Amino acid sequence: MIAAAPLAYLGRQTLALLALTGQVSLFTAQGLSHIFRPPFYGREFLVALLQIGWLSLPVVGLTAFFTGGALALQIYDGSTRFSAEAVVPQIVAIGMVRELGPVLGGLMIAARVTSSIAAEIATMKVTEQIDALVTLSTHPMKYLTAPRVLAALLVVPALVGVGDVIGVFGGFIVSTQQLGFNPSTYIHNTVDFLEVRDVLSSLAKGCAFGGIAATMGCYFGMNSGRGAQGVGQATKGSVQAAAVLILAANFLLTSLFFGT
Amino acid sequence: MITLRDVHKAFGANKVLRGVDLEVPRGSSMVIIGGSGSGKSVALKCVLGLVPPDAGQILVDGKDATRGDRDAFLARFGMLFQGGALFDSLPVWQNVAFRLLRGSLKRPRDEAREIAVEKLRRVGLSPDVADLFPSELSGGMQKRVGLARAIAAEPEIIFFDEPTTGLDPIMAGVINDLIREIVTEMGATAMTITHDMTSVRAIADNVAMLYDGVIKWTGPVAEMDNSGDPYLDQFIHGRADGPIAAVR
């Protein structure tokens, strides 16, 4: 019996994970379907757009800027070992646009937006505001989930795009001010090297990561437990799930765009 | 008329409702009493469809409450929640006029605001409160705003969940009087759940006592004190000794 305990534990965890996957999938399908079915809540959509997009810009921008700068330093240091310093603009551009811009942007959104959505909706649940919505003939999925998911799907790609530009600019600043690169050559090399699919993959990742971040916040918020502990666990769970799913989705999308 | 027939509800192994039978005549005020955790809120939420019953039937004016157009069904109801359940992100007037700003009862914004201010006045709050946010209000004021929201669309049926919990005796008295006045003046059917006996006497036409998942006693409030039911007697007199275990 004692020897079987770890196996039983593993089995329970596997079943719980499968159940969670099913629940999240159904929730996502429901959330997406409500985006296209009236009534539409324009004010809630605009508020979500502002909170997810505009208010996240400083943190995403700063993350991208410092990452771009650090990337330039790393690539320069590595490439000097085989006298290939000239590739710094190209590698910074491809690194930021294809991977670091969307992934770090997505993770920053998960930290800032997913946690905030989960905590807000979980608190609404604990204080019976979700029940109040229902009694006021308002569907919580339409009023709370659909506007947030739609806003994230639309605004996070834009945020990632801006983050990509800021990241490349961070690399440009470090390369030209500290590493002695010629500014016009740096810009020329960057622009010439990037392809349309690099940018498209970045925006597609932004869209997927935004959808994941908002959906996880809404799911864990709507399904939170009671009291302060329930709100805390919903917030923590939402960020963990969003971060893992963003990284997994990144792998899948990278395979899709660039896999051979 | 609201009718509950043999309604059952369990959460896991915890059987909260074990066959509730209850009738609330149209235009009357029914108060359900019972100890904490006796299932009063669950019964109310089953009627509204917030919690689906496991078995049994819930009828509103003879129609099954779980079928048909949900929006039209809910448009007949108003509810005052225990903690107010006001939306933090909206100012008071938008909370009160929530139903009038969207959906089938939508009115122009100015008209909705006017109605909200009028309802606030009805529950004893000045128009200045309209632009405040719920977090800027005291507990008693939040209850009044919740009450204003419950009556804003002039519903036929109003539910009150622990309307006086957390209020001082004077504010509790004010809320009780308001509920009685509003229910009488609107001719609404009211269902209130509480364990505050002062509220019961102020609000109720009829009383039902829920214990161990079933209605132990029901009758007019005037007969409550002479019911001869040992459970009801123990509860209304707040005695530790009796058939209801004090330690649960």
Side-chain angles (χ1 to χ4, degrees), chain A residues 12 16 19 30 34 37-52 55 113 116-148 151 217-218 221-228 230-231 235, chain B residues 11 41-42 44-52 69-91 94-106 109 134-135 139 142 145-147 149-153 155 157-162 165 191:
Chain A
R12 277 196 301 273
Q30 271 183 12
H34 282 296
R37 288 186 287 154
F40 305 111
Y41 295 103
R43 180 189 171 275
E44 282 63 38
F45 171 68
L46 290 176
V47 169
L49 215 54
L50 182 77
Q51 288 184 341
I52 298 172
L55 298 179
V113 174
S116 149
I117 291 175
E120 184 183 352
I121 295 180
T123 305
M124 287 182 76
K125 189 176 179 200
V126 168
T127 55
E128 294 186 301
Q129 291 178 52
I130 305 271
D131 284 346
L133 275 178
V134 176
T135 63
L136 292 164
S137 307
T138 303
H139 199 305
M141 287 294 281
K142 283 191 191 302
Y143 185 75
L144 297 172
T145 303
R148 286 168 170 80
C218 292
M222 292 272 196
N223 292 284
S224 78
R226 290 180 175 185
V231 175
T235 309
Chain B
F11 295 97
S41 293
V42 174
L44 216 61
K45 287 181 176 179
C46 281
V47 177
L48 285 166
L50 294 172
V51 173
D69 182 353
R70 286 290 295 161
D71 282 356
F73 174 76
L74 288 168
R76 301 175 64 190
F77 286 84
M79 174 139 183
L80 170 61
F81 285 85
Q82 187 175 347
L86 301 177
F87 305 123
D88 310 319
S89 58
L90 300 178
Q94 287 187 30
N95 265 281
V96 175
F98 192 89
R99 195 172 240 162
L100 307 174
L101 289 167
R102 42 186 73 75
S104 57
L105 301 174
K106 189 172 179 175
R109 207 172 165 81
S135 58
Q142 288 189 14
V145 174
L147 187 53
R149 184 173 69 182
I151 62 170
I157 303 162
I158 314 178
F159 286 176
F160 303 99
D161 184 357
E162 309 272 9
T165 298
M191 255 174 99

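Just so it is clear, the model here is predicted, and its values are computed rather than measured. Convention: sequence-line order gives letters A, B, ...; per-chain numbering from 1.
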Distance (rounded to the nearest 0.5 Å) between A/Lys142 NZ and B/Arg102 CZ: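 If we round to the nearest 0.5 Å, A/Lys142:NZ and B/Arg102:CZ are 14.0 Å apart.
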Chain A heavy atoms under 4.5 Å from [X]: which part of the residue, side chain, backbone, both or neither?
X	result
B/Asp88	both
B/Leu105	neither
B/Leu90	side chain

Grab the two heavy atoms, one from [X] and one from [Y], that are nearest each other, plus how far apart they are.
X	Y	result
B/Arg149	A/Leu136	CD-CD1, 3.9 Å
B/Leu74	A/Ser137	CB-OG, 3.6 Å
B/Gln82	A/Glu128	N-OE1, 3.9 Å

Check: A/Thr135 main-chain N/O paired with B/Arg99 side-chain donor or acceptor under 3.5 Å: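 Yes.
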Option in B/Ala75, B/Gly49, B/Ala85 with maximal non-hydrogen atom pairs under 4.5 Å from chain A: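 The answer is B/Ala85.
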Aromatic ring pairing A/Tyr143/B/Phe98, orientation class (parallel under 30°, perpendicular over 60°, tilted between):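 Answer is perpendicular, since the angle exceeds 60°.
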Evaluation steps, side chain to side chain contact (heavy atoms under 4.5 Å, CB included), between A/Val134 and B/Leu48: CA-CA 9 Å; A/Val134 176; B/Leu48 285 166; over 6 Å; no
A/Asp131 and B/Met79, any side-chain heavy atoms less than 4.5 Å apart: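 Sidechains of A/Asp131 and B/Met79: no contact.
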Sub-4.5 Å side-chain heavy-atom contact between B/Phe87 and A/Leu133: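 They are in contact (side-chain heavy atoms under 4.5 Å apart), so the answer is yes.
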